A.B. asks: 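Could you have a look at this structure, given as structure tokens, before my questions?
For clarity, every value in this text was computed on a predicted model and none was experimentally measured. Just the heavy atoms: all of them, side chains too, but no hydrogens, waters or symmetry mates, feed the values below. In listed order, ligands and their atoms are each counted from 1.
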Amino acid sequence: MNNKYNYRVIIYILSALIFLQFVSCKTVAPTDEGKPMRELKASIENIIPVPVSINPTGSLFKLNPNSIIYIEPMNYETRFIGQYLKDQIKSTTGYDLMFLTAEGISADENIRLIIDDRDELLGQEGYELIITENLLTLKANKAEGLFRGVQTISQMLFPLVHRSTPFSKDVLIPTVEIKDYPRFEWRGLMLDVARHFFSVSDVKKLVDRIALYKFNRLHLHLTDDQGWRIQINSWPNLTIYGGSTQVGGGEGGYFTQEDYSEIVEYAEQRYIIVVPEIDMPGHTNAALASYPVLNCDGIAPELYTGIKVGFSSLCINKDSTYIFIDDVIREVSQLTPGPYIHIGGDEAMATDSVDYINFIMRVQDIVQSYGKQMIGWEEITQSRLKSNTIVQHWRKSQLALEGVHQGSKLIMSPSTKAYMDMKYTPDTELGLNWAGYIEVSDAYNWDPVTQINGLSEKDVLGVEAPLWTETILNFSDIEFMLFPRLPGIAEIGWSQAEARNWAGYKKRLANHGSYWKAIGVNFYRSPEIDWDYIINISLK
Ligand code: TNX
């Protein structure tokens with residue numbers, strides 16, 4: 001009896017073992033060498049924007065659930081960056097790492113974040129990432145550089161995001177030495193919250209999306225014919241009435257001053273400067289509708305919910321116009337810690353051209369009186385500009401060159417390449433097509449310096465991708481237009497010209513596609529990209 005029972009148990013155990021073996025063979029994919037895979041491997045090949053130099057050193061660093069993130073020095077800023085990295089590691093690997101300050105500690109299998117003001121080449125935003133078998137060390141001159149470097153580490157971990165539950169396997173990160181810093185100082189995204197309004201939480205989500213690609217400017221187009229979206233205490237009707245609708249007649253909305261400050265602070269923590277735009281003298285129907293006094297004839301027009309441009313103008317020769325502008329610029333300046341105020345200045349077809357020239361000079365003085373640097377669309381170069389005024393190019397090379405002749409620097413947003421509201425192809429449901437169709441390759445294959453004949457590197461402050469929102473209704477639409485084009489603009493702004501090429505870029509982009517799929521980013525499955533191309537075959 002006893003013996004029989006024992007045999008039975010043994011047979012049960014044996015068959016259970018055979019079954020387990022069978023199951024584990026099915027779930028553990030073999031590596032190249034055919035051995036069962038016990039680890040998950042991060043990727044150093046897919047970073048966008050491509051770093052200045054990246055030298056793989058052929059070995060592996062093992063990240064484990066007990067690894068510690070050491071931070072030196074520990075302060076408010078670096079603690080935030082440490083937390084950001086910790087969160088990224090948690091969301092990709094499931095590991096919940098600790099972070100501590102401990103000068104000089106370098107025990108095995110840990111991460112170190114160090115601010116060390118010694119390498120001039122790295123500048124304000126650059127970083128150095130050295131991964132050896134024992135240690136992952138991220139170094140920068142400034143906290144800002146550390147934050148950019150954390151994005152590089154996050155991207156290395158993308159392939160692991162498929163695993164939604166914490167796993168006990170080790171994460172292997174290839175050893176490597178990366179030195180990286182940006183080509184251009186200005187790498188921006190513009191969001192039009194006037195044609196359609198977007199909530200604070202949408203804007204914050206967008207900030208995290210762009211931070212991952214090392215963007216450092218968020219330009220908010222806050223006012224237009226269809227809506228005024230920033231509360232101005234001295235002119236309350238601007239938002240109460242002027243913010244009450246949007247394109248198509250929906251209910252619109254606006255940012256209270258607290259909302260706006262919340263966005264500014266959220267972006268600032270991610271080293272992204274918010275650039276507020278108050279568009280004038282055209283694109284002002286919402287303001288004109290809110291206050292009869294702003295109109296030359298004293299009669300307020302109706303609110304506007306269509307998508308025409310070029311029909312509205314502030315009254316140029318009226319004192320009350322400049323009292324209004326002074327109040328608005330003062331309040332917006334006080335709310336904005338960043339150095340820039342964008343005054344639009346585009347498409348002022350309803351303003352007399354001599355009036356326009358004088359108007360821009362007057363507004364430039366007002367902006368400067370509040371200690372801010374003025375930015376305007378390229379039409380402002382018809383006026384006399386101060387040399388620190390920045391010009392944003394979008395359509396006419398001649399106007400942009402005129403800005404350069406006056407000593408201004410350019411933000412390059414050519415509408416045929418960088419306009420994220422243009423359709424990808426004639427079949428794209430969202431978007432416009434007045435500047436043409438912009439496929440992923442079109443948005444990638446251009447250079448800010450050679451885009452206009454006669455520019456040199458020093459004339460260009462950087463790049464910016466505008467997303468106008470006449471046809472863009474919600475966050476999912478925003479993502480569809482930005483991805484996969486926006487990472488290309490990021491690479492144009494950050495990476496060295498000679499390091500960029502389409503063939504390599506499209507492979508890296510395919511890998512970002514699988515990350516976007518995993519975290520639910522809505523993106524255009526462009527036929528130009530082989531979305532199934534995954535470099536890290538060991539991650540199946
Ligand atoms: C032109 S670009 C505009 C915007 C429109 C956009 C639509 C620029 C400075 N002005 O008012 O929203 O085209 O693509």
Side-chain angles (χ1 to χ4, degrees), residues 188-198 217 219-229 246-248 252 275-288 304-314 340-351 356 360 363 374-383 389-400 402-403 410-424 428-438 442-443 451-452 463-473 477-478 480-482 485-486 489:
L189 170 73
M190 190 211 82
L191 179 67
D192 170 8
V193 295
R195 270 53 176 274
H196 281 101
F197 182 65
F198 299 91
R217 302 285 185 268
H219 169 180
L220 292 175
H221 182 77
L222 290 166
T223 67
D224 213 303
D225 292 317
Q226 299 86 345
W228 187 284
R229 311 294 180 202
Q246 59 183 0
V247 167
V275 180
E277 178 183 351
I278 307 295
D279 203 347
M280 57 183 106
H283 292 278
T284 42
N285 189 76
L288 297 168
Y304 181 70
T305 60
I307 64 166
K308 278 193 305 217
V309 296
F311 61 89
S312 56
S313 179
L314 292 173
Y340 317 105
I341 299 282
H342 200 306
I343 59 97
D346 56 318
E347 299 174 317
M349 281 86 95
T351 313
Y356 176 85
I360 295 296
V363 174
M374 189 174 94
I375 307 177
W377 297 102
E378 66 200 3
E379 286 93 326
I380 64 166
T381 64
Q382 298 164 84
S383 210
T389 289
I390 298 166
V391 171
Q392 185 161 14
H393 165 61
W394 64 285
R395 196 170 197 186
K396 295 199 172 136
S397 305
Q398 217 34 56
L399 289 173
E402 178 51 36
L410 300 179
I411 297 168
M412 298 297 287
S413 306
S415 47
T416 54
K417 307 283 182 187
Y419 265 35
M420 300 283 118
D421 64 317
M422 289 302 122
K423 290 174 183 288
Y424 292 94
T428 312
E429 280 178 26
L430 302 172
L432 305 174
N433 64 358
W434 64 262
Y437 299 102
I438 305 181
D442 302 312
Q451 177 67 16
I452 296 180
V463 291
E464 190 174 292
L467 180 60
W468 303 99
T469 58
E470 285 93 337
T471 64
I472 307 303
L473 306 186
D477 290 353
I478 291 179
F480 186 80
M481 298 311 270
L482 297 184
R485 289 183 289 203
L486 191 67
I489 305 294

A.B. asks: Output the list of atoms in ligand 1 that are nearer than 4.0 Å to some heavy atom of Y419, sorted by atom number.
C.D. replies: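 Ligand 1 atoms under the 4.0 Å threshold to Y419: 2 (S), 8 (C).
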
A.B. asks: If you measure every N or O of E347 against every N or O of ligand 1, does any of those distances drop under 3.5 Å?
C.D. replies: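 Such a contact does occur with ligand 1.
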
A.B. asks: Of H219, M374, R217, which is the lone residue that meets side chain to side chain contact (heavy atoms under 4.5 Å, CB included) with Y340?
C.D. replies: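 So, applying the side chain to side chain contact (heavy atoms under 4.5 Å, CB included) to Y340 and each of H219, M374, R217, only R217 qualifies.
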
A.B. asks: Output the list of atoms in ligand 1 that are nearer than 4.0 Å to some heavy atom of L432, sorted by atom number.
C.D. replies: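 Reading through ligand 1 atom by atom, the close ones are 7 (C), 14 (O).
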
A.B. asks: Under 3.5 Å between any N/O of E470 and any N/O of ligand 1: does that happen in this structure?
C.D. replies: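 Yes: some nitrogen or oxygen of E470 is under 3.5 Å from one in ligand 1.
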
A.B. asks: Measure the distance from atom 13 (O) of ligand 1 to every protein heavy atom, then report the residue, atom name and distance (to 0.1 Å) of the closest one.
C.D. replies: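 It is W434 CZ2, 3.4 Å.
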
A.B. asks: State if H283 counts as touching ligand 1 under the rule of any non-hydrogen atom under 4.0 Å.
C.D. replies: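 Yes, H283 has a heavy atom closer than 4.0 Å to ligand 1.
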
A.B. asks: When you look at L189 and L482, which way does the side chain to side chain contact (heavy atoms under 4.5 Å, CB included) test go after all the steps?
C.D. replies: CA-CA 10 Å; L189 170 73; L482 297 184; 3.9 Å; yes

A.B. asks: Do any nitrogen or oxygen atoms of R195 come within less than 3.5 Å of a nitrogen or oxygen of ligand 1?
C.D. replies: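 In this structure, R195 places an N or O atom under 3.5 Å from an N or O of ligand 1.
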
A.B. asks: Please state whether M422 comes within less than 4.0 angstrom of ligand 1, counting heavy atoms only.
C.D. replies: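 Yes; M422 lies near enough to ligand 1 that a heavy-atom distance drops under 4.0 Å.
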
A.B. asks: Does the side chain to side chain contact (heavy atoms under 4.5 Å, CB included) test come out yes or no for W228 and I278, once each step is laid out?
C.D. replies: CA-CA 9 Å; W228 187 284; I278 307 295; 3.7 Å; yes

A.B. asks: Among all protein heavy atoms, pick out the one at the shortest distance from atom 10 (N) of ligand 1; state its residue, atom name and that distance to 0.1 Å.
C.D. replies: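 Protein heavy atom with the smallest distance to atom 10 (N) of ligand 1: D346 OD2, 3.0 Å.
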
A.B. asks: With a 4.5 Å cut-off on side-chain heavy atoms, are R395 and W434 touching?
C.D. replies: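 Touching, per the 4.5 Å side-chain cut-off.
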
A.B. asks: Do Q451 and H393 have side-chain atoms, one donor and one acceptor, less than 3.5 Å apart?
C.D. replies: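 Checked: Q451/H393 side chains show no N/O donor-acceptor pair below 3.5 Å.
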
A.B. asks: Name the residue from L191, I307, D421 that meets the side chain to side chain contact (heavy atoms under 4.5 Å, CB included) definition with W468.
C.D. replies: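 Filter result, single survivor: D421.
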
A.B. asks: Which atoms of ligand 1 sit under 4.0 Å from any heavy atom of D421?
C.D. replies: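 Near D421, the atoms of ligand 1 are 7 (C), 14 (O).
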
A.B. asks: When you check the side-chain N and O atoms of E379 and W394, is any donor under 3.5 Å from an acceptor?
C.D. replies: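 Indeed, the side chains of E379 and W394 share at least one donor-acceptor pair under 3.5 Å.
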
